[in-house]
**Student:** 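One structure, as structure tokens, below. Some questions next.
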Amino acid sequence: QVQLVESGGGSVQPGGTLRLSCTASGFSLAMYSIGWFRIATGKERQGDACISGRNGDTYVAPSLIERITIALNATKPTARLQMTNLAVEDQAVYYCATGAIVYDRCGFDQWGQGTQVTVSS
């Protein structure tokens, strides 16, 4: 059974840096991509960022590509997301997710419980 456990959420001031971790278990990461998306209150899923467990290729939503770094520690296994220069618009529940390795997008089909990220005004 796939389990994805997020950690690192909390309050971040505008301009600050967010660092999230996701511990994965129950599947072979080499066969999938893993990463993150977010859902802000009243909005749809956005902000996809993922990394291939097969070859390390990454995808980041164009609007966030200059602010996000995603990395994978295959030995844990743990995925890490760093996002810089947070703004109020970044406040959301952030979900660790996994899915098929696909081209030019994140093929998420499973995700964890999410972690709340609050950005102060």
Side-chain angles (χ1 to χ4, degrees):
Q1 182 177 353
V2 174
Q3 293 189 1
L4 302 166
V5 181
E6 302 96 338
S7 64
S11 180
V12 182
Q13 292 188 340
T17 297
L18 176 69
R19 295 180 176 88
L20 299 175
S21 296
C22 174
T23 300
S25 63
F27 66 103
S28 176
L29 195 54
M31 301 292 293
Y32 299 93
S33 68
I34 188 168
W36 301 83
F37 67 87
R38 66 189 185 184
I39 302 177
T41 301
K43 296 187 176 182
E44 297 182 344
R45 162 184 159 181
Q46 62 170 224
D48 285 6
C50 54
I51 183 167
S52 169
R54 181 180 65 202
N55 60 14
D57 287 350
T58 60
Y59 171 85
V60 178
S63 63
L64 300 177
I65 195 166
E66 294 184 353
R67 298 200 287 133
I68 281 182
T69 300
I70 187 166
L72 177 65
N73 182 343
T75 63
K76 299 277 183 187
T78 301
R80 298 187 180 275
L81 178 78
Q82 177 177 290
M83 184 164 65
T84 59
N85 197 25
L86 263 69
V88 172
E89 292 82 3
D90 297 314
Q91 181 168 298
V93 177
Y94 285 70
Y95 294 86
C96 181
T98 188
I101 299 171
V102 296
Y103 175 74
D104 209 25
R105 67 182 178 96
C106 298
F108 295 144
D109 58 17
Q110 300 180 79
W111 48 88
Q113 295 184 13
T115 184
Q116 177 71 55
V117 175
T118 301
V119 182
S120 63
S121 60

**Student:** Tell me, do Asn55 and Ile101 make a side-chain contact under 4.5 Å, heavy atoms counted?
**Tutor:** no

**Student:** Got a second to check how far Leu20's CG is from Ser7's OG, nearest 0.5 Å?
**Tutor:** 7.5 Å

**Student:** With side chains defined as the heavy atoms from C-beta onward, is the minimum distance between Glu66 and Asn85 less than 4.5 Å?
**Tutor:** no

**Student:** Roughly how far, to the nearest 0.5 Å, is the CD atom of Gln113 from the CD atom of Glu6?
**Tutor:** 7.5 Å

**Student:** Would you say Val12 and Met83 make side-chain contact, with heavy atoms under 4.5 Å?
**Tutor:** no

**Student:** Within the structure provided, determine whether Gln82 and Thr17 are in side-chain contact (heavy-atom separation under 4.5 Å).
**Tutor:** yes

**Student:** Is atom CD of Gln13 surrounded by more than 12 heavy atoms (other residues, nucleotides or ligands) closer than 6.0 Å?
**Tutor:** no

**Student:** Please determine, by modelled atom types, if Thr84 and Arg67 share a side-chain donor-acceptor pair under 3.5 angstrom.
**Tutor:** no

**Student:** Compare every heavy atom of Tyr94 with every heavy atom of Arg38, then report the nearest pair and how far apart it is.
**Tutor:** NH1-OH, 2.9 Å

**Student:** Which pair of heavy atoms, one from Cys106 and one from Tyr59, lies closest together, and at what distance?
**Tutor:** SG-CD2, 3.5 Å

**Student:** State the CG-OG distance between Asp109 and Ser33, to the nearest 0.5 angstrom.
**Tutor:** 8.5 Å

**Student:** Under 4.5 Å between any side-chain heavy atoms of Tyr32 and Gln110, yes or no?
**Tutor:** no

**Student:** Are Leu72 and Tyr95 grouped together when hydrophobic residues (ILVMFWY) are joined by side-chain heavy atoms under 4.5 angstrom apart?
**Tutor:** no

**Student:** Should Trp111 and Leu18 be regarded as members of a common hydrophobic cluster, given that ILVMFWY residues are connected when their side-chain heavy atoms come within less than 4.5 Å of each other, either directly or indirectly?
**Tutor:** no

**Student:** More than 12 non-hydrogen atoms from neighbouring residues, nucleotides or ligands closer than 6.0 Å to CD on Gln116, yes or no?
**Tutor:** yes

**Student:** Once you round to the nearest 0.5 Å, how far does CZ of Phe27 lie from CD1 of Ile34?
**Tutor:** 4.5 Å

**Student:** Mind checking whether Trp36 and Ile68 have side chains closer than 4.5 Å, heavy atoms only?
**Tutor:** no

**Student:** When rounded to the nearest 0.5 angstrom, what distance separates SG in Cys96 from CZ in Arg80?
**Tutor:** 11.5 Å

**Student:** Given 3.5 Å as the limit, does a donor-acceptor pair link the side chain of Gln91 with the main chain of Val119, or not?
**Tutor:** yes

**Student:** Can you tell whether the side chains of Arg45 and Asp48 come within less than 4.0 Å, N to carboxylate O?
**Tutor:** yes

**Student:** Hey, could you give me the OG/NZ distance between Ser21 and Lys76, rounded to the nearest 0.5 Å?
**Tutor:** 10.0 Å

**Student:** With clusters defined by side-chain heavy atoms of hydrophobic residues (ILVMFWY) lying less than 4.5 Å apart, directly or transitively, does Leu29 cluster with Val5?
**Tutor:** no

**Student:** Do Leu4 and Thr98 have side chains that get closer than 4.5 Å, going by heavy atoms?
**Tutor:** yes

**Student:** How close do Leu81 and Ala49 get, counting heavy atoms only, and between which atoms?
**Tutor:** CD1-CB, 4.3 Å

